[in-house]
Amino acid sequence: MSEQAQINVMEQLVSLCKRRGFVYPASEIYGGLNGFWDYGPLGVLLKNNIRDSWWRSMVEVPPIGPDGHPVDMVGLDSAIIQNPKTWVASGHVGGFSDPMVDDRETKQRYRADHLVCAIAKVKRKNGDVQELGFLAVLDGDRAVNDFVKRADKLARKTGGGEIQPPERSELTLFTKLDPERQKQVWGPEATQAGTLTEPRAFNLMFQTYVGAIQDETSKAYLRPETAQGQFLNFKNIVDTTRVKIPFGVAQIGKSFRNEVTPRNFIFRSREFEQMEMEWFCHPDEARKWYDFWKEERMKWWKSLGVRDENLRFRDHDADELSHYSKMTVDIEYKYPFTAPDFGELEGIAHRGCYDLTQHQTHSGQKLDYFDQELQLKLKEQGASADEIKQKSRYIPNVIEPASGLTRAVLVVLCEAYRRDPNRQGSVEYLSIKPQFAPIKCGIFPLVNKEGMPEVSEKLYLDLRKHFTCEHDVKQSIGKRYARMDEIGTPFCVTIDGETMKDQTLTVRERDAMTQERVSLDKIKGYLLERLSAE
RNA sequence: GCGGGUGUAGCUCAGUGGUAGAGCGUCACGUUGCCAACGUGAAUGUCGAGGGUUCGACCCCCUUCACCCGCUCCA
């Protein structure tokens with residue numbers, strides 16, 4: 001498909017989502033709000049179906065581990081607002097709440113308090129000392145060296161000469177300069193002066209205040225990820241449940257990030273829903289479990305009905321790893337807006353012992369784990385008392401598969417969207433896997449008379465107890481089929497003249513539009529079976 | 001955050017400095033015999049928002065917001 005056609009797919013999908021009640025712009029009557037979306041009547045059904053599938057595959061029926069037994073997994077629903085120290089320990093505050101400056105020319109972003117400046121002075125060949133301007137370099141041991149190099153480069157362009165190195169103490173923090181001076185500074189890589197913005201607070205966390213008094217001491221944050229909830233409750237879970245290493249804690253919930261540029265429909269929004277699992281294991285086994293979850297997670301995405309060719313793994317390079325991660329792989333999807341490229345879908349990170357260690361340090365609470373099984377094993381192996389004591393108590397490593405529920409909704413919609421101008425009835429339809437379809441079955445009388453609506457309503461009253469159904473007696477049968485196709489309803493059953501004679505009805509399948517006669521007393525079982533098909 | 005584009009009915013989109021339009025969709029009634037059938041009728045818009053110019057602005061100007069595209073960002 002051409003790039004243009006790909007873009008159109010997104011436009012058509014967004015339009016369908018609005019028209020049929022999947023996704024609306026949030027607070028639309030007030031002009032909307034950048035980065036926020038509401039899930040409509042069908043959207044919330046779809047989202048819940050995907051959410052339930054994840055929860056079931058993680059918590060209720062977790063996968064079989066390498067030892068042939070189901071892995072140990074528990075669920076959690078932690079608070080969105082936690083003690084703000086949480087985010088200091090996690091590394092989300094600190095580096096990211098400091099003022100930043102952008103270089104408009106080079107597009108580089110610097111921490112304002114990491115830039116040091118001084119006036120570059122050059123002694124020309126004729127002995128004159130000239131000022132070249134305020135130069136900024138990154139602070140550090142090499143700051144003076146860097147400054148001289150930078151000044152020298154500049155001096156050459158303007159006739160050369162000998163740079164007069166500044167004293168270390170002459171280097172002034174960018175943040176200490178008055179705003180007028182800041183405007184005259186040359187950025188570390190800029191080819192002209194005055195391309196740096198004024199320092200701006202740059203923190204992707206939403207802030208709020210707990211309690212009625214709004215001051216520094218009451219400041220709190222909306223969580224930028226659910227994962228910290230698992231770490232905060234690690235001790236609670238170990239103490240109050242019977243889980244043993246290795247085990248996982250799974251959580252689904254909203255997270256908030258004040259993204260610089262929300263973009264691409266619900267792909268990057270400021271309020272979103274995450275599905276994260278923290279797998280706690282012995283450091284020696286972390287790599288094994290990393291590989292295990294990598295495969296398991298890919299299987300789950302495929303179970304949503306996503307085609308193989310639209311999914312792939314991508315290992316992170318060392319230089320793009322997060323501050324906490326030793327190893328990360330992304331599961332990527334070929335979105336219509338990234339195609340032919342792929343875009344991020346889920347990250348599986350080897351976080352080492354970073355998080356628990358951080359929280360242990362900041363909270364002063366012990367967050368290590370006493371491994372009784374390992375202790376016994378070491379004893380059997382004849383290890384020394386010291387070795388046993390030292391080895392059987394450790395801070396677990398963590399493998400984290402983290403995915404976006406709202407992103408999963410987008411993927412299922414992209415994957416299901418079909419447009420076929422030659423199709424009879426609905427040109428557009430959603431080929432959603434039955435398990436995830438918002439409405440499972442449409443129930444219609446062929447015509448709204450001769451006892452048919454009475455029979456269809458009776459059937460509806462029975463079937464709706466088992467799965468989501470819609471009963472519709474109005475308008476032509478073709479129109480009712482088309483409407484169901486457009487929202488991805490996999491089956492429609494129709495009561496016709498024959499039903500009145502022989503108690504059979506037709507079942508119409510969405511994708512192939514084929515029809516089959518099934519007897520009225522078998523229809524429930526028939527549908528339940530086809531709806532649960534893998 | 002920077003640059004470009006768009007904004008008119010639920011959706012897709014025409015339109016003119018002088019009282020707002022189409023197709024589709026929605027609803028009602030009639031009709032109906034398996035794929036958006038047909039007939040009749042109906043509802044719906046502060047023309048994204050705010051300000052300005054003008055006798056008069058959906059149209060021209062300014063500001064702002066939202067969406068799309070390209071950079072940037074995405075711990």
Side-chain angles (χ1 to χ4, degrees), chain A residues 3-4 6-8 10-12 14-21 24-37 40 87 90-97 100-109 195 197-198 200 202-205 224-225 227 257-265 267-270 272 320-325 328 330 337 343-344 347 349 402 404 423-429 442 444-450 452 473-486 492-500 505-510 512-515 517:
Chain A
E3 198 174 309
Q4 192 57 45
Q6 297 280 11
I7 291 161
N8 285 342
M10 255 348 262
E11 282 175 12
Q12 286 158 358
V14 172
S15 160
L16 186 148
C17 283
K18 170 78 194 296
R19 196 168 70 237
R20 290 306 191 191
Y24 309 123
S27 46
E28 195 182 8
I29 60 168
Y30 289 108
L33 188 60
N34 194 0
F36 296 89
W37 300 89
W87 310 110
S90 71
H92 289 86
V93 184
F96 289 87
S97 57
M100 310 289 281
V101 293
D102 286 318
D103 190 320
R104 283 183 281 254
E105 180 198 344
T106 63
K107 307 293 186 194
Q108 293 294 310
R109 177 167 283 163
T195 59
T197 62
E198 77 250 42
R200 289 175 290 201
F202 184 77
N203 192 323
L204 263 49
M205 283 195 292
E225 62 176 28
R257 292 183 195 178
N258 217 340
E259 297 285 358
V260 176
T261 315
R263 201 57 83 82
N264 290 323
F265 197 34
F267 177 74
R268 179 171 298 129
S269 46
R270 288 179 164 142
F272 56 104
E320 62 175 322
L321 288 176
S322 326
H323 60 272
Y324 53 71
S325 179
T328 298
D330 278 348
F337 49 81
E344 183 197 349
R423 185 179 161 102
Q424 249 183 318
S426 56
V427 167
E428 287 177 299
Y429 65 106
F444 314 134
L446 184 58
V447 288
N448 193 15
K449 61 181 184 184
E450 291 170 22
M452 293 181 205
V473 304
K474 297 285 177 75
Q475 297 172 311
S476 75
I477 191 72
K479 185 174 249 180
R480 282 175 280 168
Y481 286 156
R483 266 202 288 247
M484 287 294 131
D485 287 351
E486 217 177 36
C492 294
V493 299
T494 302
I495 308 298
D496 56 21
E498 277 181 69
T499 314
M500 312 309 285
L505 41 69
T506 62
V507 181
R508 172 196 180 268
E509 195 275 332
R510 175 196 61 208
M513 298 197 288
T514 49
Q515 295 194 359
R517 280 207 93 77

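Each chain gets a letter, A, B and so on, in the order the sequences are listed, and its residues count up from 1.
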*Asks:* Once pairs are restricted to Watson-Crick or G-U wobble with both distances under 3.5 Å, how does RNA chain B read as a dot-bracket string, [ ] for crossings and | for other-strand pairs?
*Replies:* (((((((..((((....[..)))).(((((.......))))).....(((((..]....))))))))))))....
*Asks:* For C60(B) versus G17(B), give the span between their P atoms, rounded off to a whole number of Å.
*Replies:*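 That atom pair is separated by 9 Å.
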*Asks:* Need one value for Gly35(A): base, sugar-phosphate or nothing, where a base atom within 4.0 Å counts as base even if backbone is also close, heavy atoms only.
*Replies:*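 The answer is sugar-phosphate, as Gly35(A) gets under 4.0 Å only of primed atoms, P, OP1 or OP2.
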*Asks:* Check whether any side-chain N or O of Arg20(A) sits under 3.5 Å from a backbone N or O of Arg483(A) as a donor-acceptor pair, and report yes or no.
*Replies:*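 Not a single qualifying donor-acceptor pair exists.
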*Asks:* Could you check how far CD of Glu28(A) sits from P of G7(B), rounded to whole Å?
*Replies:*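 Glu28(A) atom CD is separated from G7(B) atom P by 16 Å.
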*Asks:* Give the C-alpha distance, both sets of side-chain angles, the deciding distance and a yes or no for ring pair (Phe, Tyr, Trp, His ring centres under 6.0 Å) between Phe272(A) and Trp37(A).
*Replies:* CA-CA 9 Å; Phe272(A) 56 104; Trp37(A) 300 89; over 10 Å; no
*Asks:* Does Thr506(A) make a side-chain donor-acceptor contact with the base of C34(B), cut-off 3.5 Å?
*Replies:*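 By the distance-only test, yes, there is a pair.
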*Asks:* Checking all strands, does Arg423(A) fall into the base, sugar-phosphate, or nothing category for heavy-atom contacts under 4.0 angstrom?
*Replies:*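 No contact.
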*Asks:* If I take atom OH in residue Tyr30(A) and atom C1' in nucleotide G7(B), what distance separates them, rounded to the nearest angstrom?
*Replies:*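 After rounding, the reported distance stands at 20 Å.
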*Asks:* Quick one: on RNA chain B, does Met205(A) or Asp485(A) contact a more 5' nucleotide (nearest heavy atom)?
*Replies:*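 Checking each residue's closest nucleotide, the 5'-ward one belongs to Asp485(A).
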*Asks:* Side chain of Glu259(A), base of C73(B): donor and acceptor closer than 3.5 Å?
*Replies:*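 For Glu259(A), whose side chain was compared with the base of C73(B), there is no donor-acceptor pair (under 3.5 Å).
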*Asks:* With a 4.0 Å cut-off, would you call Arg19(A) and Glu428(A) a salt bridge?
*Replies:*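 Looking at Glu428(A) together with Arg19(A), the answer is yes, because their closest N to O distance falls below 4.0 Å.
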*Asks:* When you measure from the side chain of Val447(A), which nucleotide among G33(B), A28(B), A75(B) comes out closest?
*Replies:*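 From the listed options, G33(B) comes nearest.
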*Asks:* Can you tell me how far P in U64(B) sits from the matching atom in G3(B), rounded to whole Å?
*Replies:*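 Between the two P atoms, the distance is 12 Å.
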*Asks:* Quick one: Asn258(A) CG to U72(B) P, roughly how many Å, whole number?
*Replies:*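 Going from CG in Asn258(A) over to P in U72(B) covers 20 Å.
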*Asks:* So how far is it from Phe444(A) CZ to Leu505(A) CG, rounded to the nearest 0.5 Å?
*Replies:*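 So the gap between those two atoms works out to 12.5 Å.
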*Asks:* For the pair made of CG in Leu16(A) and P in G10(B), what is the distance, rounded to whole Å?
*Replies:*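 Distance check: Leu16(A) CG to G10(B) P gives 17 Å.
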*Asks:* Do you know the tightest heavy-atom contact between Arg257(A) and Pro224(A)?
*Replies:*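 Scanning both residues, the minimum pair turns out to be NE-O, 2.9 Å.
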*Asks:* Which nucleotide wins on minimum distance to the side chain of Asn34(A), given the candidates C68(B), A28(B), C67(B)?
*Replies:*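 Within the option list, the nearest is C67(B).
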*Asks:* Distance check, C1' atoms only: G33(B) and U19(B), in whole angstrom units.
*Replies:*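 Result for the C1' pair: 48 Å, nearest Å.
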*Asks:* Ignoring the backbone of Arg268(A), work out which of C73(B), C29(B), C69(B) is nearest its side chain.
*Replies:*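 Nearest listed nucleotide: C73(B).
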*Asks:* Here's a test of your reading of the structure: between Pro224(A) and Thr494(A), which maps to the more 5' nucleotide of RNA chain B?
*Replies:*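 Comparing both residues, the 5'-ward one is Thr494(A).
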*Asks:* Is Met452(A) touching bases, backbone alone, or none of the nucleic acid, heavy atoms closer than 4.0 Å?
*Replies:*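 Met452(A): base contact, heavy atoms under 4.0 Å.
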*Asks:* Mark up nucleotides 36-52 of chain B, 5' to 3', with B wherever a protein heavy atom is under 4.0 angstrom from a base atom, S wherever such an atom reaches only the sugar-phosphate, and - elsewhere.
*Replies:* BB---------------
*Asks:* What is the minimum heavy-atom distance between Met484(A) and Gly442(A), and which atoms define it?
*Replies:*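 Result for this residue pair: SD-CA, 4.3 Å.
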*Asks:* Closest approach of Ile477(A) and Pro445(A), non-hydrogen atoms and distance?
*Replies:*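 Result for this residue pair: CD1-O, 4.4 Å.
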*Asks:* Could you tell me which non-hydrogen atom of Asp485(A) sits nearest to which non-hydrogen atom of Arg423(A), and how far apart they are?
*Replies:*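 For Asp485(A) versus Arg423(A), the nearest heavy atoms are OD2-NH2, 2.7 Å.
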*Asks:* For Ile495(A) and C34(B), give me the distance from atom CD1 to atom P, rounded to whole Å.
*Replies:*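 Distance check: Ile495(A) CD1 to C34(B) P gives 15 Å.
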*Asks:* Rounding to an integer number of angstrom, what distance separates C59(B) and G18(B) when you compare their P atoms?
*Replies:*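 Nearest-Å result for C59(B) against G18(B) at atom P: 11 Å.
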*Asks:* Less than 4.0 angstrom between a side-chain N/O of Lys474(A) and OP1 or OP2 of C27(B), yes or no?
*Replies:*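 No, no such contact exists.
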*Asks:* Would the distance check show the side chain of Glu509(A) and the main-chain N or O of Ala512(A) forming a donor-acceptor pair, the cut-off being under 3.5 Å?
*Replies:*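 Side chain of Glu509(A) to backbone of Ala512(A): a pair is present.
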*Asks:* So does Tyr481(A) reach the base of C34(B) with its side chain, donor to acceptor, closer than 3.5 Å?
*Replies:*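 A donor-acceptor contact between them is present.
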*Asks:* Can you tell me, in whole Å, how much space there is between the C1' of C34(B) and that of C67(B)?
*Replies:*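 The same atom, C1', in both gives a distance of 40 Å.
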*Asks:* Please report, rounded to the nearest Å, how far the P atom of C69(B) is from the CZ atom of Phe265(A).
*Replies:*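 Atom-to-atom, Phe265(A) to C69(B), this comes out as 12 Å.
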*Asks:* Of all the choices, C34(B), G33(B), C29(B), which nucleotide is nearest to the side chain of Gln515(A) once you look at every atom?
*Replies:*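 Looking only at side-chain atoms, Gln515(A) lies closest to C34(B).
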*Asks:* Roughly how far apart, to the nearest Å, are G48(B) and U6(B) at atom P?
*Replies:*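 Nearest-Å result for G48(B) against U6(B) at atom P: 13 Å.
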*Asks:* Please classify the nucleic acid contact of Glu498(A) as base, sugar-phosphate, or nothing, using heavy-atom distances under 4.0 Å.
*Replies:*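 Counting heavy atoms under 4.0 Å across all strands, no contact is made by Glu498(A).
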*Asks:* Categorize Asn264(A) for me: base, sugar-phosphate, or nothing, with a 4.0 angstrom heavy-atom threshold over every strand shown.
*Replies:*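 If one applies the 4.0 Å heavy-atom cut-off, Asn264(A) turns out to touch the sugar-phosphate alone, with no base involved.
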*Asks:* Please pick, from U12(B), G10(B), C34(B), the nucleotide with the shortest atom-to-atom distance to any side-chain atom of Lys18(A).
*Replies:*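 The closest nucleotide is G10(B).
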*Asks:* As a quick check of understanding, evaluate side chain to side chain contact (heavy atoms under 4.5 Å, CB included) for Val427(A) and Glu486(A), giving each step before the final call.
*Replies:* CA-CA 9 Å; Val427(A) 167; Glu486(A) 217 177 36; over 6 Å; no
*Asks:* Rounded to whole angstrom units, what separation is found between the CE atom of Met500(A) and the P atom of C34(B)?
*Replies:*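 So the two atoms are 17 Å apart, to the nearest Å.
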*Asks:* Given the C1' atoms of G4(B) and G10(B), what is the spacing between them in whole Å?
*Replies:*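 My reading of the C1' atoms in G4(B) and G10(B) gives 30 Å.
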*Asks:* Would you indicate which nucleotide in G33(B), U12(B), C34(B) comes nearest to any side-chain atom of Ser15(A)?
*Replies:*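 Of the candidates, U12(B) comes closest.
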*Asks:* Determine the interatomic distance between P on A9(B) and the same-named atom on G50(B); round to the nearest Å.
*Replies:*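 Pairwise P distance, A9(B) against G50(B), rounds to 16 Å.
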*Asks:* Please enumerate all residues that pass salt bridge (Lys or Arg N to Asp or Glu O under 4.0 Å) together with Arg270(A), with sequence neighbours excluded.
*Replies:*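 Once residues adjacent in sequence are excluded, Arg270(A) has no partner under the salt bridge (Lys or Arg N to Asp or Glu O under 4.0 Å) criterion.
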*Asks:* Measure the distance from CZ on Arg510(A) to C1' on C34(B) and round it to the nearest whole Å.
*Replies:*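 Spelled out: CZ on Arg510(A) to C1' on C34(B) is 19 Å.
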*Asks:* Does the cation-pi check pass for Arg508(A) over Tyr481(A), that is, NZ or CZ under 6.0 Å from the six-membered ring centre and within 45° of its axis?
*Replies:*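 Yes, Arg508(A) sits over the ring of Tyr481(A).
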